[in-house]
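This is a predicted model, so every value here is computed, not measured. First the proteins, then the strands, lettered A, B, ... as listed; each starts at 1.
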Amino acid sequence: MNSPARVRFAPSPTGRLHIGGARTALYDYLLARQTEGAFVIRIEDTDRKRYVQGAEEEIYKALSWLGMEWNEGPDVGGPFAPYRQSERTDIYLEHAEQLVESGHAYYCFCTTERLATVRKEQQARKEAPRYDGLCRRLNSDEAHNRKHAGEAHVIRFKTPRQGKTTSVDEIRGEITVENATLDDYILLKSDGLPVYHLAAMVDDHLMEITHVLRTSEWLPTFPLHVLIYKAFGWEQPAWVHMSVLLNPSGKGKLSKRHGSGGAHAVYPLELKESGYVPEAVVNWLSLMGWSYDDRTEFFIMPDLIGKFSLAKLNPSPAAVNFSKLDHFNGLHIRSLKQEDLASRLVPRFRAADLEVTEDELRPITPLIQERIRTLDEAVEMSGFFFRNTVQPDPQQLIGKNMSPVESAAALSRSIDLIQGFERLAAESLELALRGLADDLDLKVGQLFGILRVAVTGQRVSPPLIETMEILGKELILQRLNRAAELLESPE
RNA sequence: GCCCCCAUCGUCUAGGGGACUAGGACGUGGCCCUUUCAAGGCCAAAACCGGGGUUCGAAUCCCCGUGGGGGCACCA
């Protein structure tokens, strides 16, 4: 095993955690657990304009639901607290000033208006929009004077104008760019708060982060980050730029809502509300840009912790495949213990206004476990167990290739037969019903089809015999009689 | 416009010069099983972006195209 990794997941609280972020967090978590290192959460809330109230709590909730616990973070504290960047502003200011003193950064007094004008001119000339370096040429005395006079300013990085910078990414190798193509990026804004480029580098260093996992959106500024590390004289962490997630169509970065026709949830907590189990979401996420071998795909968290490796990360962008999530959800539901499934089903039934208890659910879980792909499908399929009455479609009460009269006769004979039972026991009931079908010269499917609709109100249901056993003689007779009436006088 | 990254079935991927007649999974189609629906089993169709090199030999290495993605904010 490798030495303990300190890995951080650093979301900005600008909205709900989406599956892309969740996948990054997962890889962070796996690396930390695998090496028995630390998984730390840092909240990057230096942009006050985009701050969303409650977003931070949502992120915690989503990570918890997915089964990732963190060792350090704003809510649990830790040796490098505070973990919210808005509470570390002094640190960034100090470091920015340090860079100015060492000649790696400078004060810039340009207004946003001037910057916009410059940018516009450059674009008109079809040049890359970039800071024109006006304040870079200021002598330091003048700059200090203007600063002390209270003039609004930012601190910019003094990017070398010559030479090349080579950055090393764990999955992509060396990436070399001409420094001339880089900009003099702003490090510290005029409000005194840092931008990502400064804050993240300072924190990663101070918090002793060993592996920086982020998506490839950061590749263009990767050289800048390396330059900042070098300007401070710090040792770099291992950089890992993962692929981005694409829309199911493969066109464009994953956006809020997608899927053919219907909308697909892109937030883990939304997936939860749609009846997905966290095990499936984790399994699905883990395989978007990572693989273990050429055949193994079913994983639960402990497997993943053991098997994850950075070397198997795939650099190319991956389109999200929601039907595969459905598949994994079915797989994980089937692998659940019955009691576990039953307890997870309770809230889904309640959400559908069906008052059920886990005890009531337990006997039916074995009947539906291998038939459902989401927890909510259990409600669709077996809700009739908990409704007082069912509403069969009279048309559906007519057996396949049968007349209404024949169907009514089959129903009536079934009622007689069931009346003869003390208690409905699956084995004997099935034997009797099959005998009846034989007597009536019907195929088993014809008779069962009628009974299924009569008993469940549905054409698709859990296995009929077991269903009848659970429902019991009284209820069955009630529903069968009701069906017989419907067949005689359909409204 | 400029810079960067990527490129195997529709999708996610295995593949690290000969083991490739290119493997697995989802999805799709068919068959079997079957009281419906599933699940399960079996089978099928389905890919190395193009062109040049390098090499005895290239899906694998290099170059050029092309395509896709990302970035160019006092956002992250």
Determine all donor-acceptor pairs shorter than 3.5 Å in which one atom belongs to a side chain in residues 426-433 of chain A; sequence neighbours excluded.
unit_1   : atom_1 : unit_2   : atom_2 : d
A:Ser428 : OG     : A:Ala425 : O      : 3.2
A:Glu430 : OE2    : A:Arg434 : NE     : 2.9
A:Glu430 : OE2    : A:Arg434 : NH2    : 2.9

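Residues in residues 280-292 of chain A take part in no salt bridge (Lys or Arg N to Asp or Glu O under 4.0 Å) pair, two or more places apart or across chains.
Under the Watson-Crick and G-U wobble criteria, each requiring two contacts below 3.5 Å, nucleotide B:C49 is paired to B:G65. Nucleotide B:C33 forms a pair with no other nucleotide shown, judged by Watson-Crick or G-U wobble geometry with both contacts under 3.5 Å.
Taking the ring pair (Phe, Tyr, Trp, His ring centres under 6.0 Å) definition, one finds that A:Phe299 meets it with A:Trp290, sequence neighbours left out. Under the side-chain contact (heavy atoms from CB on, under 4.5 Å) criterion, A:His95 pairs with A:Ile91, A:Gln98, A:Val202, A:Leu206, A:Phe232, A:Trp234, sequence neighbours left out. Every residue two or more places apart in sequence or in another chain that forms a side-chain contact (heavy atoms from CB on, under 4.5 Å) with A:Phe386 is listed here: A:Phe349, A:Leu354, A:Val356, A:Glu360, A:Leu361, A:Ile364. With sequence neighbours left out, A:Asp45 forms a side-chain contact (heavy atoms from CB on, under 4.5 Å) with A:Pro13, A:Ile43, A:Tyr51, A:Arg84, A:Gln85, A:Ser86.
Listed by residue number, A:Cys110, A:Thr112, A:Leu115, A:Arg119 are the residues of residues 110-119 of chain A with a heavy-atom contact under 4.0 Å to RNA chain B. Proximity of residues 448-462 of chain A to RNA chain B (heavy atom under 4.0 angstrom from any strand atom) is restricted to A:Phe448, A:Arg452, A:Arg459, A:Val460, A:Ser461, A:Pro462. Near RNA chain B, meaning a heavy atom under 4.0 Å from it, residues 371-378 of chain A has A:Arg371, A:Arg373 in order of number. The stretch residues 15-28 of chain A does not touch RNA chain B, since none of its heavy atoms comes less than 4.0 Å from the strand. A heavy-atom distance below 4.0 Å to RNA chain B is reached by these residues of residues 44-57 of chain A, ordered by number: A:Glu44, A:Thr46, A:Asp47, A:Lys49, A:Arg50.
Using a 4.0 Å heavy-atom cutoff across all strands shown, A:Ser323 reaches sugar-phosphate atoms only and no base atom.
Note that the first and last nucleotides of RNA chain B, 5' to 3', having any atom under 4.0 angstrom from a heavy atom of chain A are B:G1 to B:A76.
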